[in-house]
There are 4 protein chains.
Amino acid sequence: MTTSIEQDKVTDKRTVILQTTLQLLSERGFHNTPMSLIAEEAGVAAGTIYRYFDNKETLINELFLDLKREMLQHAMARIEPGDTTEEQFRKVWRNFFHYYVTHEDEMRFVEQHHNSPFQSGDVLAAVEEMYAPFANMFAVGVADGSFRELPMEMTSVYIYDVVLAFAKRQLSGKLKMTDELLEEAVQISWDAVKGT
Amino acid sequence: MTTSIEQDKVTDKRTVILQTTLQLLSERGFHNTPMSLIAEEAGVAAGTIYRYFDNKETLINELFLDLKREMLQHAMARIEPGDTTEEQFRKVWRNFFHYYVTHEDEMRFVEQHHNSPFQSGDVLAAVEEMYAPFANMFAVGVADGSFRELPMEMTSVYIYDVVLAFAKRQLSGKLKMTDELLEEAVQISWDAVKGT
Amino acid sequence: MTTSIEQDKVTDKRTVILQTTLQLLSERGFHNTPMSLIAEEAGVAAGTIYRYFDNKETLINELFLDLKREMLQHAMARIEPGDTTEEQFRKVWRNFFHYYVTHEDEMRFVEQHHNSPFQSGDVLAAVEEMYAPFANMFAVGVADGSFRELPMEMTSVYIYDVVLAFAKRQLSGKLKMTDELLEEAVQISWDAVKGT
Amino acid sequence: MTTSIEQDKVTDKRTVILQTTLQLLSERGFHNTPMSLIAEEAGVAAGTIYRYFDNKETLINELFLDLKREMLQHAMARIEPGDTTEEQFRKVWRNFFHYYVTHEDEMRFVEQHHNSPFQSGDVLAAVEEMYAPFANMFAVGVADGSFRELPMEMTSVYIYDVVLAFAKRQLSGKLKMTDELLEEAVQISWDAVKGT
DNA sequence: TATGAATGAGCGTTCATTCAT
DNA sequence: GATGAATGAACGCTCATTCAT
């Protein structure tokens with residue numbers, strides 16, 4: 001019989017493994033982080049990880065998808081039904097930036113994953129699905145003339161890659177994003193994609 | 001006596017190793033590519049690689065610096081003394097884009113390197129130096145009012161990260177950059193950074 | 001829960017590795033004995049050795065110190081508080097001889113170690129400490145006139161190197177040490193170092 | 001046609017290789033000295049060594065035999081027909097000591113060789129032969145009562161191993177052999193082996 | 001469920017030896 | 001003869017994974 005307390009224990013152990021993995025992998029890289037180290041830091045036996053994850057690749061991919069999910073939830077924070085497309089766009093921009101800047105480990109891990117052989121078809125498909133709310137926002141915005149008639153993949157550059165680039169510079173100390181600069185950057189992105 | 005043919009042989013072997021490394025590492029990642037595989041694909045014995053490179057890290061870093069150099073030379077192609085800052089900016093934008101789109105392996109390799117433990121202080125310093133012409137272009141542009149008074153690290157987002165993002169989408173097939181779209185993208189970047 | 005049987009298993013595996021190492025290294029030399037061979041002969045996997053010893057050097061040095069300890073304990077066997085310095089000297093002489101003659105592998109291993117790059121500062125310091133009882137015996141003997149006033153390093157030649165030389169000849173079959181010859185040899189050493 | 005100058009060149013190259021080998025091996029040990037390093041230090045190509053020596057083992061063994069020969073010649077220096085057995089014994093003792101103390105590399109190399117897997121049957125047999133003059137001295141000495149009736153292998157301990165032990169202590173700095181101490185040591189050895 | 005000792009394939013690297021020039 | 005680039009077997013060691021307890 002599984003009581004909810006036992007269930008919690010299980011959840012905890014899984015969560016601890018994931019958190020430890022995130023921290024270690026963002027600091028040390030995927031290939032410089034042995035499973036044995038993750039186990040040690042997580043306070044579990046090496047074999048225990050394999051009760052929750054099939055293998056190292058699965059562990060990494062599940063963590064990646066968890067983080068992507070979390071990241072996109074953050075991006076949609078405080079978006080309200082009545083918001084105009086422009087308001088939504090600006091909020092998402094700032095949300096992304098804020099998330100990255102306050103979640104360096106997550107950002108580093110996700111960026112490492114993007115440039116790695118772990119990016120399998122399954123993972124990419126799962127990520128694709130998560131972007132549905134954004135695809136929707138874009139579709140609505142194009143339909144009502146808020147966005148220019150550009151491919152969504154082009155618009156996304158200004159709300160995803162540009163934001164990421166700013167966040168990285170901020171974290172590395174190369175750039176100090178004041179509120180002013182931030183609003184300039186948001187404005188540039190909005191100008192890039194807004195309808196006429 | 002060293003004839004030019006013998007010289008060529010030496011150059012060839014080194015070059016073959018570098019090219020094989022580039023191809024394999026861009027496809028399989030740094031840590032999923034054993035030296036033995038590089039040797040096999042390059043058609044040399046495992047030990048031979050070590051005549052030309054001290055170790056795997058050195059091999060990867062020399063390749064990285066070679067590619068960075070090549071990439072930056074491409075970026076400056078057809079820039080002429082008389083060009084205005086705007087003309088220079090647009091040319092560099094298009095040059096970068098063209099280079100990435102036609103050098104997928106190079107791009108993937110360099111991007112992987114950016115998020116890797118191989119980025120040592122020495123390598124970073126060497127790269128820094130290579131960027132001098134761009135730093136200069138920016139300084140001149142700011143001085144004569146062609147560029148807005150923004151931190152260079154901010155301007156670079158629109159001529160480096162944005163271009164890279166477009167190139168990746170183009171290569172992945174998610175976006176088909178027509179000449180028109182390209183010019184729009186260039187225009188957006190220029191609007192983002194130009195002086196008033 | 002750790003039962004004593006489990007404990008024994010652990011001890012056994014470590015011990016088996018040490019014994020196998022002793023045998024192989026004394027026969028084949030340090031550099032002609034790969035870790036893989038030690039593993040094979042010990043009946044464990046190659047990686048298992050590294051659970052018990054950090055690396056080959058550590059394995060060899062720990063074995064060396066273990067053997068030195070054992071050897072010196074043998075040398076002090078049956079020495080009793082009431083023994084005169086002469087009795088002690090003679091007993092130690094015979095004990096050393098007996099130990100070497102009945103522990104050929106140990107002797108060869110230790111001799112190899114003495115002429116090897118494994119003799120690090122740490123090891124030498126540890127050995128130095130083990131010789132304290134002998135240094136003490138010598139100091140007392142000099143003080144009470146039992147030993148001549150010679151540097152200890154000179155006295156040690158007649159109780160260490162000479163014994164070793166005899167043991168080697170005995171083991172190689174070049175010399176058959178009868179009890180008579182043995183006592184002659186002891187007498188010669190004693191005459192060499194005794195006080196007047 | 002081989003002129004004597006060419007012959008000298010050949011001799012020189014062989015000699016240079018042997019000398020370089022001696023120096024490097026005594027300093028770095030047999031297995032920490034690659035053939036390529038010997039070649040480099042000797043100023044010849046790696047392949048050249050193989051014109052003079054079949055392989056590394058042969059090189060080492062030939063060097064060993066050369067040194068043994070040289071060492072034994074030194075040991076017999078200034079021995080004259082009219083010398084008594086005692087005079088001969090004392091001269092040889094001092095000669096050996098002097099040789100070791102002034103030829104540290106040679107001593108270290110030879111000692112390493114004694115405790116190594118290079119000691120093959122062939123080498124041992126060759127060494128055996130070299131000792132003939134000493135065997136003869138001993139036979140004569142026993143016959144005329146100068147030496148005790150002991151196995152030669154026992155006598156040799158006091159003129160070989162004991163001397164070596166003193167030389168090592170002197171070279172390591174543990175013992176400063178004054179002329180007085182030296183003569184005491186010689187006397188002890190002579191007392192050990194002289195007839196009644 | 002959880003453990004962690006044990007496994008062994010696989011890695012980066014070295015170096016004695018060969019052989020085309 | 002002499003060279004030194006090239007070879008490739010072999011080494012020390014790591015670590016993802018398994019499984020008896």
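Throughout, a chain's letter reflects where its sequence line sits, starting with A, and its residues are numbered from 1.
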Taking only the side-chain heavy atoms of [X] (C-beta and beyond), determine which of [options] contains the nearest atom.
X	options	value
Lys13(B)	dA6(F), dT13(E), dA16(F)	dA6(F)
Thr48(D)	dT3(E), dA6(F), dA2(F)	dA2(F)
Pro34(C)	dG12(F), dA16(E), dT17(F)	dG12(F)

Query raised in the report: Between atom CG in Asp12(B) and atom C1' in dA6(F), what is the gap in whole Å?
Result: 15 Å

Report task. Take atom CG of Asn32(A) and atom P of dT14(F), then tell me their distance rounded to the nearest Å. Result ->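 Rounded to whole Å, this separation is 12 Å.
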
At under 4.0 Å, does any side-chain N or O of [X] touch on OP1 or OP2 of [N]?
X	N	result
Ser36(D)	dC15(E)	no
Arg51(A)	dT1(E)	no
Lys56(D)	dT17(E)	no
Tyr52(A)	dA2(E)	yes

Report task. Please identify each residue that fulfils salt bridge (charged side-chain N to carboxylate O under 4.0 Å, His left out) with Glu106(C), with sequence neighbours left out. Result ->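 Here no residue qualifies.
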
Report summary line: Assign each of Met35(B) and Gly43(C) the nucleotide of DNA chain E bearing its closest heavy atom; nearer the 5' end lies the nucleotide of Gly43(C)

Requested in this report: Please tell me which of Asp54(D) and Ala45(C) maps to the more 5' nucleotide of DNA chain E, matching each residue to the nucleotide holding its nearest heavy atom.
Outcome: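 Nearer the 5' end of the strand: Ala45(C).
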
**Report entry** For Phe53(D), ring pair (Phe, Tyr, Trp, His ring centres under 6.0 Å) partners two or more places apart
**Finding:** none

Mind listing the side-chain donor-acceptor pairs of residues 30-38 of chain B below 3.5 Å, one per line with the distance, residues two or more places apart or on another chain?
from     : atom 1 : to       : atom 2 : distance (Å)
Thr33(B) : OG1    : Gly29(B) : O      : 2.7

Report summary line: Here the side chain to side chain donor-acceptor pair (under 3.5 Å) pairs for residues 56-65 of chain D, sequence neighbours left out, are Arg14(D)-Glu62(D), Asn55(D)-Thr58(D), Asn61(D)-His113(D)

Requested in this report: Give a yes or no on whether a salt bridge exists between Asp105(A) and Arg108(A), defined as a side-chain N under 4.0 angstrom from a carboxylate O.
Outcome: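 Looking at Asp105(A) and Arg108(A), the cut-off is not met.
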
**Report entry** 5'-to-3' dot-bracket of DNA chain F (Watson-Crick, G-U; under 3.5 angstrom; crossing pairs as [ ]; | other strand)
**Finding:** .||||||||||||||||||||

**Report entry** 5' priority, DNA chain F, between Asn55(C) and Val44(B) [closest heavy atom]
**Finding:** Val44(B)

Query - Which residues share a side chain to side chain contact (heavy atoms under 4.5 Å, CB included) with His114(B), sequence neighbours left out - result: Phe64(B), Lys68(B), Val110(B), Glu111(B), Gln119(B), Tyr160(B)

